[in-house]
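Take a look at the structure below.
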Amino acid sequence: MDVRTFLKELDADFYTGVPDSQLKGLCSYFADTFGISRRHIIGANEGNCTALAAGYYLATGKTPLVYMQNSGIGNIVNPVASLLNPKIYGIPCIFVVGWRGEPGMHDEPQHIFQGEISEKLLYDIGILTIIIGVDTLKESLEREVYRAKEWLSQGKSVAFLVRKGGLSYEKTVQFSNSYKIARESAIEEIVKCSGEDIIVSTTGKASRELFEIREKNNQPHKYDFLTVGSMGHSSSIALGIALNKPGTKVWCIDGDGAVLMHMGAMAVIGSNAPANLIHVVLNNEAHETVGGMPTVAGRANLVKIAEGCGYPYGVGVEEMPQLREELQKARRQDGLSFIEVRCGIGSRKDLGRPTTIPRENKKAFMEYLRTLD
């Protein structure tokens with residue numbers, strides 16, 4: 001279904017969300033039509049977007065639209081259940097949810113269970129769910145929207161669960177920046193510098209690139225924990241390991257979108273300040289893995305944020321020689337370090353995915369951890 005037909009039926013005029021590749025047509029339409037503006041805001045996480053949408057409703061009396069991947073349902077549970085629900089404030093909201101891991105459809109391991117429970121999760125938190133697919137007709141949509149509007153008028157929320165290809169738009173909006181360092185090249189430098197240290201890598205292309213770098217180098221994957229799901233939590237995983245393996249360096253390869261999603265983790269890391277943790281944020285100012293739409297990290301000073309959270313050392317780099325120097329410095333020094341690497345947007349067209357399953361990654365990683373102090 002064409003995105004414009006879909007949105008015309010819904011009749012919303014404020015949009016906020018976290019980009020999703022399953023909703024590529026929707027995201028491209030918003031970027032092409034509204035850019036990043038008062039009518040279209042990309043949030044830090046889905047709960048943030050839900051609260052923002054609630055504020056919009058309170059100020060205008062109009063129903064907002066929040067878009068996201070189904071992995072973000074967990075982030076909306078609290079504001080939906082304790083803010084929007086009719087038993088509390090009765091604030092209506094339209095959710096448009098990309099259905100990754102839909103039963104019967106091939107997908108990556110991190111999406112399988114989430115896909116199985118998406119409909120039930122939405123039902124359990126009181127959201128009327130309507131499925132949109134490639135074969136959804138305009139007449140069928142009109143009937144469903146009529147039902148949805150009746151539901152919204154009662155201060156309840158509605159979700160449109162979108163199957164692959166369910167929403168289309170003829171344009172693809174491309175984003176870029178002027179930074180010279182390629183993300184994969186930065187990860188290669190981290191691998192060279194880290195030796196046999198531990199690496200925890202964030203969700204998306206960073207973990208895929210790390211896996212392929214190990215393959216290219218004929219190195220084992222036992223040193224790496226690939227956070228294939230659970231966006232925004234790799235730094236907390238790294239903290240848990242660093243505190244319990246104080247005799248080895250632990251590197252966290254993070255992304256700007258992931259850092260923004262759960263930035264409170266940095267305050268916890270800074271307050272504990274493990275001397276063996278090196279937190280590297282590859283900042284390309286974009287949600288590249290799900291289409292490249294911008295984050296607000298281009299306007300945030302992540303180094304100052306890290307310092308404000310208690311990191312004793314923080315630095316930003318934009319050139320490869322400086323990156324190499326700072327990586328070596330972080331490995332030598334005894335103290336929590338933060339390195340922000342400004343990266344370009346883009347990846348190899350032939351970039352693959354890990355050929356091992358997550359449980360195999362966990363087993364090899366834990367076996368290696370047992371050999372360390």
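Since the structure is predicted, the reported quantities are computational estimates derived from the model, not experimental observations.
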* To do: Given side chain to side chain contact (heavy atoms under 4.5 Å, CB included), test Gln328 with Cys193 step by step and report yes or no.
  => CA-CA 6 Å; Gln328 291 292 342; Cys193 186; 3.7 Å; yes
* To do: Under the side chain to side chain contact (heavy atoms under 4.5 Å, CB included) rule, what do Leu167 and Val96 come out as? Steps first, then yes or no, please.
  => CA-CA 10 Å; Leu167 293 175; Val96 181; 4.3 Å; yes
* Hey, is the main chain of Glu285 close enough, under 3.5 Å, to the side chain of Asp256 for a donor-acceptor pair? -> yes
* Asked: Do His221 and Asn361 have side-chain atoms, one donor and one acceptor, less than 3.5 Å apart?
  -> no
* Would you say Trp99's side chain and Gly115's backbone share a donor-acceptor pair under 3.5 angstrom? -> yes
* Does Asp224 reach the main-chain N or O of Leu226 with its side chain, forming a donor-acceptor pair under 3.5 Å? -> no
* Asked: Just wondering, do Arg163 and Glu102 contact through their side chains at under 4.5 Å, heavy atoms?
  -> yes
* Asked: Say you draw a straight line from SG of Cys49 to OH of Tyr67; how long is it, rounded to the nearest 0.5 Å?
  -> 7.5 Å
* Asked: Donor-acceptor pair, Arg208 side chain versus Gly352 backbone, under 3.5 Å?
  -> yes
* Are Phe338 and Met266 side-chain neighbours, meaning at least one heavy-atom pair lies under 4.5 Å? -> yes
* To do: Return yes when atom NZ of Lys249 has more than 12 non-hydrogen atoms of other residues, nucleotides or ligands closer than 6.0 Å, and no otherwise.
  => yes
* Asked: With the 4.5 Å side-chain cut-off for hydrophobic clustering, are Ile125 and Leu121 part of the same group?
  -> yes
* Asked: Hey, is the main chain of Glu46 close enough, under 3.5 Å, to the side chain of Thr50 for a donor-acceptor pair?
  -> yes
* Asked: Does Asn70 reach the side chain of Asp20, with side-chain heavy atoms less than 4.5 Å apart?
  -> no
* Check: Ser271 side chain, Val268 main-chain N or O, donor-acceptor pair, under 3.5 Å -> yes
* To do: Compare all side-chain heavy atoms of Phe14 with those of Thr16 and state whether any distance is below 4.5 angstrom.
  => yes
* Distance in Å, Ile112 CD1 paired with Arg100 CZ, rounded so as to fall on 0.5 Å steps -> 11.0 Å
* Asked: Hey, are the side chains of Phe95 and Leu122 touching, using non-hydrogen atoms and a 4.5 Å cut-off?
  -> no
* Asked: When you measure from the side chain of Gln110 to the backbone N and O of Val228, does any donor-acceptor pair fall under 3.5 Å?
  -> yes
* Are Leu210 and Trp251 grouped together when hydrophobic residues (ILVMFWY) are joined by side-chain heavy atoms under 4.5 angstrom apart? -> yes
* Determine, using the 4.5 Å side-chain heavy-atom cutoff (strictly less than), whether Val66 and Tyr57 are members of one ILVMFWY cluster. => yes
* Minimum heavy-atom distance between Arg370 and Lys245, given as atom pair plus value -> CA-NZ, 4.3 Å
* Could you walk me through whether Met320 and Glu189 pass the side chain to side chain contact (heavy atoms under 4.5 Å, CB included) check? -> CA-CA 9 Å; Met320 188 61 79; Glu189 292 300 323; 3.6 Å; yes
* Would you please test Glu360 and Lys363 for salt bridge (charged side-chain N to carboxylate O under 4.0 Å, His left out) and show each step? => CA-CA 5 Å; Glu360 291 172 341; Lys363 182 174 184 292; over 6 Å; no
* Run the salt bridge (charged side-chain N to carboxylate O under 4.0 Å, His left out) check on Lys180 and Glu319 step by step: do they pass? -> CA-CA 7 Å; Lys180 299 175 183 177; Glu319 303 287 343; 3.7 Å; yes
* **Closest non-hydrogen atom pair between Asn244 and Gly240, with its separation** => ND2-O, 2.7 Å
* To do: Determine whether Val200 and Leu277 fall in the same hydrophobic cluster, where Ile, Leu, Val, Met, Phe, Trp and Tyr are linked whenever their side-chain heavy atoms lie under 4.5 Å apart.
  => yes
* Structure fact -> Heavy-atom closest pair (Cys343 atom, Leu282 atom, distance to 0.1 Å) is SG-CB, 4.1 Å
* Is the shortest heavy-atom distance from the side chain of Glu150 to the side chain of Arg147 under 4.5 Å? -> no
* To do: Kindly compute the distance separating CD1 (Ile73) from CG (Leu161), expressed to the nearest 0.5 Å.
  => 7.0 Å
* Can you tell me how far the OG atom of Ser37 sits from the CZ atom of Phe30, to the nearest 0.5 Å? -> 10.5 Å
* Structure fact -> NE2 (His233) and CG (Asp254) are apart, to the nearest 0.5 Å, by 11.5 Å
* Min side-chain heavy-atom separation Tyr29-His40 under 4.5 Å -> no
* Minimum heavy-atom separation for Lys304 to Asn301, with atom names? -> N-OD1, 3.0 Å
* To do: Rounded to the nearest 0.5 Å, what's the gap from CD1 on Ile213 to CD1 on Ile199? Could you check?
  => 8.5 Å
* Asked: Are any side-chain N or O atoms of Asn45 and backbone N or O atoms of Gly47, one a donor and one an acceptor, separated by less than 3.5 Å?
  -> yes
* To do: Report yes if the side chains of His262 and Ser235 come closer than 4.5 Å at any heavy-atom pair, otherwise no.
  => no
* **Considering all heavy atoms, the nearest Asn78-Ser82 contact** => O-OG, 2.6 Å
* Asked: Do the side chain of Thr227 and the main chain of Ser201 share a donor and acceptor less than 3.5 angstrom apart?
  -> yes
* If you group Ile, Leu, Val, Met, Phe, Trp and Tyr by side-chain heavy-atom gaps below 4.5 Å, do Ile127 and Leu141 land in one group? -> no
* **Criterion side chain to side chain contact (heavy atoms under 4.5 Å, CB included) on Ile198 and Phe225, from CA distance to verdict** => CA-CA 8 Å; Ile198 291 300; Phe225 184 82; over 6 Å; no
* To do: Considering non-hydrogen atoms only, spot the tightest contact between Cys93 and Leu84 and give its length.
  => CB-CD2, 3.7 Å
* To do: For the pair Lys138 and Glu9, evaluate salt bridge (charged side-chain N to carboxylate O under 4.0 Å, His left out) and give the outcome as yes or no after the intermediate values.
  => CA-CA 9 Å; Lys138 185 174 182 294; Glu9 291 296 326; 3.7 Å; yes
* Hey, is the main chain of Glu196 close enough, under 3.5 Å, to the side chain of Tyr368 for a donor-acceptor pair? -> yes
